[in-house]
Amino acid sequence: MYHPNPPADPPALIEALAVWGWAVEPACVAAHSAESFERRRALAEESFTAEQRRRVLELVAAETPVPEAAQKAGVTLHQVYGRANWDAEFAEALDEAAWSLCVLGQEHPQCSTPSGYRGNERGSASRPPCRGTGCREWRRGMAQQERAAAV
């Protein structure tokens, strides 16, 4: 039998498989989950190597936007941000490097604000949208609030 959409959390998975007529021991699910986790981490290491991570960080620190840095390092943007979601050390290094992308400057009052993130591409004092760490953190927080409000 094939379960079309198995749940990720082990107790729910055991219950779902039992409904489908499978007898599953919790220890088996835990062992499989640990093995699967290790395999996914090994694949992540293989597909986004330490050298590629170092290259992305160097490029971003040299004011290369993250999507372009990822492409030059031979990885996808999803790999970069996906790695930053579970690798705290890489996330911290990426945030530190991304301050170089701040168009206003870290100390500017508009840094980490909606107007800083959006930029001002018209008028006499035009500037591009900011993608530095402060503005990205502001946008990330706003996106989380928007998703929470939609639920």
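- Between Val75 and Ser47, the closest heavy-atom pair is CG1-O, 3.9 Å.
- Judged by distance alone, the side chain of Thr49 and the main-chain N or O of Glu46 form no donor-acceptor pair under 3.5 Å.
- Closest non-hydrogen pair, Val60 versus Ala69, comes out as CG2-CB, 3.8 Å.
- Here the side chains of Thr64 and Val56 are not in contact, with every heavy-atom distance at 4.5 Å or above.
- The pair Arg55-Glu51 does not meet the salt-bridge criterion, since no charged nitrogen lies less than 4.0 angstrom from a carboxylate oxygen.
- Hydrophobic clustering places Leu101 together with Leu77 (ILVMFWY residues linked when any side-chain heavy atoms are closer than 4.5 Å, directly or through intermediates).
- What you find for Phe48 and Val80 is that their closest heavy atoms are CE2-CA, 3.8 Å.
- Using a 4.5 Å heavy-atom cutoff, the side chains of Arg41 and Glu45 are not in contact.
- Ala84 and Ala91 get closest at one heavy-atom pair: O-CB, 3.3 Å.
- With contacts defined as side-chain heavy-atom distances shorter than 4.5 Å, the pair Tyr81/Leu94 qualifies.
- For the residue pair Arg40/Ser36, the side-chain donor-acceptor check at 3.5 Å is satisfied.
- A heavy-atom distance below 4.5 Å is not found between the side chains of Gln79 and Arg53.
- Once rounded to the nearest 0.5 Å, the distance linking CD of Glu96 with CH2 of Trp99 reads 8.5 Å.
- Scanning both residues, Gln52 and Gly74, for their nearest heavy atoms gives NE2-O, 3.7 Å.
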